[in-house]
Amino acid sequence: MIEKLFKKDIHRNIEGVIKADNLTDEAIFQEVDEYVITNDLNKKLDEFFSEYTGSIGKNTQNVGVWISGHFGSGKSHLLKILSYILTNERKHSDLIGELFLTKIDADDFELKSNIEKALKSPSQTILFNIDQKSDIGSKNQDDAILGVFMKVFNEMRGYYPKFGYIAKFESDLDKRGKFDAFKAKFKELSGESWESGRETIFLESDNVAGALSSVDKISVESAADLIDKYEDNYSLSIEEFAKEVKAYVDSKEPNFRLVFFVDEVGQYIGDNAKLMLNLQTIIETLATVCGGQAWVVVTSQSAVDMLVNSTSAMENDFSKILGRFKVKLNLTSQNANEVIQKRLLEKTDEAKNDLSSIHSKVQNSL
């Protein structure tokens with residue numbers, strides 16, 4: 001039968017569009033297991049890991065990576081694969097990074113060495129589609145991108161992503177070593193977990209104040225007043241965000257890195273110069289404050305220089321943006337064609353021999 005000619009099961013499910021939020025163990029393992037490294041991708045990987053690995057343990061300002069390419073070029077797939085590699089979690093009893101390493105040609109010593117070094121360096125990744133994580137209507141705000149970055153960072157740490165002031169309240173409790181005690185007391189008073197209760201925070205105000213009063217040894221009135229101040233005084237700034245990230249990476253092992261993988265940032269920004277400036281300032285401040293321990297990798301259908309030059313105003317105001325993305329990886333449709341051939345049409349060794357024999361006999365007729 002024809003289906004037996006192919007190396008992979010032709011009945012397996014293959015996602016037509018790569019989605020940043022499809023993070024099941026099965027999906028991750030399949031994506032890495034079947035990932036095809038074309039000659040072009042090999043060069044792109046070499047460029048990325050040369051910069052990423054070469055700066056481990058060093059104070060670098062080059063923490064921005066821009067992956068561009070038209071729809072279907074594989075940019076979102078590459079983004080996800082890089083996030084999997086650097087996290088190197090175990091799926092199906094295999095370490096994802098080690099599984100990927102087997103795909104690199106044995107004689108490509110430099111790339112293999114750089115990936116091996118990256119795998120040995122502790123890191124954590126946050127992968128997200130920026131449009132999906134953005135609140136409705138927030139895109140019109142000048143600091144909309146910062147809001148999404150803070151949201152996913154809070155979510156990763158286990159803090160409430162929907163309201164920044166609640167996440168700040170949780171973070172401060174955590175820093176004082178009282179978050180677990182607070183959650184336990186809240187559940188005692190409310191009858192439900194804090195993670196569930198905070199979803200209806202305004203209905204739980206008495207229980208929140210009671211729990212805080214208990215762990216901080218203050219009156220319920222003072223606790224309620226303190227919580228109100230969190231809501232009234234909360235503000236978000238890029239500098240504050242960078243300091244939070246710095247505190248997080250400092251709490252980890254030496255040379256630890258936190259990497260934000262942001263899908264479709266170019267589409268989100270469009271021709272909004274203020275959003276582009278917001279992104280540039282985030283990367284600039286993370287580089288300065290975190291000294292190379294926080295990276296940002298983004299995808300866009302447009303190359304960063306084309307996006308900047310799309311209007312004269314942006315061309316004049318944002319020449320510095322190009323410098324924030326030292327690594328610029330542009331994928332082409334030719335890469336996608338090669339991937340399709342190798343991923344979907346690759347034959348077994350036996351089938352290759354049989355088809356070659358048949359072809360030699362009938363090639364003139366064909």
Side-chain angles (χ1 to χ4, degrees), residues 21 23 87 124-128 130 132-136 138 141 143-253 256-260 262 282 285-286 289-290 293-294:
D21 59 347
L23 300 175
T87 303
Q124 192 169 0
T125 64
I126 305 177
L127 172 68
F128 61 99
I130 191 166
Q132 290 178 353
K133 289 293 183 180
S134 178
D135 295 328
I136 296 175
S138 65
Q141 300 172 7
D143 62 351
I145 292 180
L146 172 62
V148 180
F149 268 73
M150 193 75 225
K151 182 178 183 179
V152 297
F153 181 53
N154 283 332
E155 190 173 32
M156 182 272 294
R157 293 184 294 170
Y159 303 146
Y160 195 50
K162 295 181 181 179
F163 293 121
Y165 79 92
I166 296 178
K168 175 66 175 171
F169 170 70
E170 294 171 320
S171 174
D172 287 348
L173 280 172
D174 219 359
K175 289 174 183 175
R176 294 190 286 125
K178 296 183 178 182
F179 193 26
D180 288 338
F182 169 82
K183 289 192 286 186
K185 188 62 180 180
F186 176 84
K187 186 170 184 177
E188 178 186 324
L189 296 173
S190 173
E192 61 179 325
S193 69
W194 167 245
E195 287 72 20
S196 174
R198 68 188 182 185
E199 293 288 343
T200 54
I201 188 72
F202 301 110
L203 300 178
E204 296 284 357
S205 56
D206 289 346
N207 292 325
V208 175
L212 182 62
S213 168
S214 176
V215 298
D216 269 354
K217 309 300 181 187
I218 58 177
S219 68
V220 173
E221 291 76 15
S222 296
D225 184 55
L226 183 59
I227 294 166
D228 287 340
K229 286 181 179 177
Y230 268 97
E231 183 177 5
D232 295 338
N233 299 331
Y234 177 77
S235 63
L236 180 60
S237 70
I238 292 176
E239 185 177 11
E240 184 64 29
F241 166 69
K243 287 180 179 178
E244 286 282 320
V245 173
K246 172 66 172 172
Y248 184 79
V249 298
D250 284 349
S251 71
K252 303 295 182 178
E253 309 96 310
F256 173 87
R257 279 179 172 174
L258 179 66
V259 188
F260 294 88
V262 195
I282 289 170
T285 309
L286 283 176
V289 175
C290 300
Q293 288 186 273

*Asks:* Write down the atom of Y165, the atom of Y230, and the distance for their closest heavy-atom approach.
*Replies:*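 Smallest heavy-atom distance, with atoms named: CB-O, 3.4 Å.
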*Asks:* Are V245 and V289 packed together at the side-chain level, in the sense that at least one heavy-atom pair is separated by less than 4.5 angstrom?
*Replies:*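 No. Closest side-chain heavy atoms not under 4.5 Å.
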*Asks:* F182: what forms a ring pair (Phe, Tyr, Trp, His ring centres under 6.0 Å) with it, not counting sequence neighbours?
*Replies:*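 With sequence neighbours excluded, F182 shows a ring pair (Phe, Tyr, Trp, His ring centres under 6.0 Å) to F169, W194, given in chain and number order.
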*Asks:* Might you work through the side chain to side chain contact (heavy atoms under 4.5 Å, CB included) test for E170 and N154, ending with a clear yes or no?
*Replies:* CA-CA 10 Å; E170 294 171 320; N154 283 332; over 6 Å; no
*Asks:* Any chance NZ of K178 has more than 12 other-residue heavy atoms, nucleotides or ligands included, within less than 6.0 Å?
*Replies:*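 More than 12 heavy atoms, drawn from other residues, nucleotides or ligands, come within 6.0 Å of this atom.
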*Asks:* Side-chain polar contacts of residues 202-209 - donor-acceptor pairs under 3.5 angstrom, sequence neighbours left out - could you list them?
*Replies:*
unit_1, atom_1, unit_2, atom_2, d
E204, OE1, S190, OG, 3.3
E204, OE1, N207, ND2, 2.7
E204, OE2, S190, OG, 3.3

*Asks:* Taking the side chain as everything from C-beta on, heavy atoms only, tell me whether F149 gets closer than 4.5 Å to V262.
*Replies:*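 The answer is yes; the side chains approach within 4.5 Å.
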*Asks:* Could you tell me which non-hydrogen atom of K185 sits nearest to which non-hydrogen atom of S214, and how far apart they are?
*Replies:*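 Result for this residue pair: CE-OG, 3.6 Å.
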*Asks:* Taking atom NZ of K151 and atom NZ of K162, what is their separation to the nearest 0.5 Å?
*Replies:*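 Spacing of NZ (K151) from NZ (K162) equals 8.0 Å.
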*Asks:* Hey, what do you get for CD1 (I166) to CD (E231), rounding to the nearest 0.5 Å?
*Replies:*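 One finds 8.0 Å between CD1 of I166 and CD of E231.
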*Asks:* Under the side chain to side chain contact (heavy atoms under 4.5 Å, CB included) test, which residues partner N233, sequence neighbours left out?
*Replies:*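 Listed in chain order: K229.
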*Asks:* Check E240 with K243, please: is the shortest side-chain N to carboxylate O separation under 4.0 Å?
*Replies:*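 The answer is no: the pair does not qualify as a salt bridge.
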*Asks:* Side-chain contact, heavy-atom cut-off 4.5 Å: Y248 with Q124?
*Replies:*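 They are in side-chain contact.
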*Asks:* If the threshold is 4.0 Å, N to carboxylate O, is there a salt bridge linking D172 and K168?
*Replies:*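 Salt bridge present between D172 and K168.
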*Asks:* What do you reckon, is NZ of K133 surrounded by more than 12 foreign heavy atoms closer than 6.0 Å?
*Replies:*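 Incorrect, the count does not exceed 12.
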*Asks:* Looking only at heavy atoms, what is the nearest atom pair of L189 and G210, with distance?
*Replies:*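 Of all heavy-atom pairs spanning L189 and G210, the closest is CD1-C, 3.7 Å.
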*Asks:* Answer whether the closest heavy-atom distance between the side chains of K183 and L173 falls below 4.5 Å.
*Replies:*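 When only atoms from C-beta onward are counted, L173 and K183 do not touch, as no gap falls below 4.5 Å.
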*Asks:* Say you draw a straight line from CD1 of I126 to CD of E155; how long is it, rounded to the nearest 0.5 Å?
*Replies:*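 If I round to the nearest 0.5 Å, the distance is 9.0 Å.
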*Asks:* For S171, check side chain to side chain contact (heavy atoms under 4.5 Å, CB included) against everything at least two apart and list the hits.
*Replies:*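 R157, Y159, K175, E244.
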*Asks:* Do K252 and L258 make a side-chain contact, defined as non-hydrogen atoms from C-beta onward lying under 4.5 Å apart?
*Replies:*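 No; the side chains remain at least 4.5 Å from each other.
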*Asks:* About how many Å separate CD1 of I201 and CZ of F163, when rounded to the nearest 0.5 Å?
*Replies:*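 That separation rounds to 9.5 Å.
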*Asks:* Which atom pair, heavy atoms only, marks the closest approach of T285 to A242?
*Replies:*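 Smallest heavy-atom distance, with atoms named: CG2-CB, 3.7 Å.
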*Asks:* To the nearest 0.5 Å, what is the distance between CG on L226 and CD1 on I218?
*Replies:*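 One finds 6.0 Å between CG of L226 and CD1 of I218.
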*Asks:* Excluding sequence neighbours, so at least two apart, what forms side chain to side chain contact (heavy atoms under 4.5 Å, CB included) with E221?
*Replies:*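 For E221, the residues satisfying side chain to side chain contact (heavy atoms under 4.5 Å, CB included) (neighbours in sequence not counted) are S219.
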*Asks:* Would you mind reporting whether L212 and V215 have side-chain heavy atoms less than 4.5 Å apart?
*Replies:*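 Side-chain contact under 4.5 Å: yes.
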*Asks:* Could you pull out all residues at least two apart from D143 that satisfy side chain to side chain contact (heavy atoms under 4.5 Å, CB included)?
*Replies:*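 Only Q141, L146, N278 meet the side chain to side chain contact (heavy atoms under 4.5 Å, CB included) criterion with D143.
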*Asks:* Roughly how far apart are E199 CD and Y160 OH, rounded to 0.5 Å?
*Replies:*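 Between E199 CD and Y160 OH, I get 3.5 Å after rounding to 0.5 Å.
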*Asks:* For E195, is the CD atom crowded, meaning more than 12 foreign heavy atoms sit under 6.0 Å from it?
*Replies:*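 Yes - once you tally the heavy atoms of other residues, nucleotides and ligands closer than 6.0 Å, there are more than 12.
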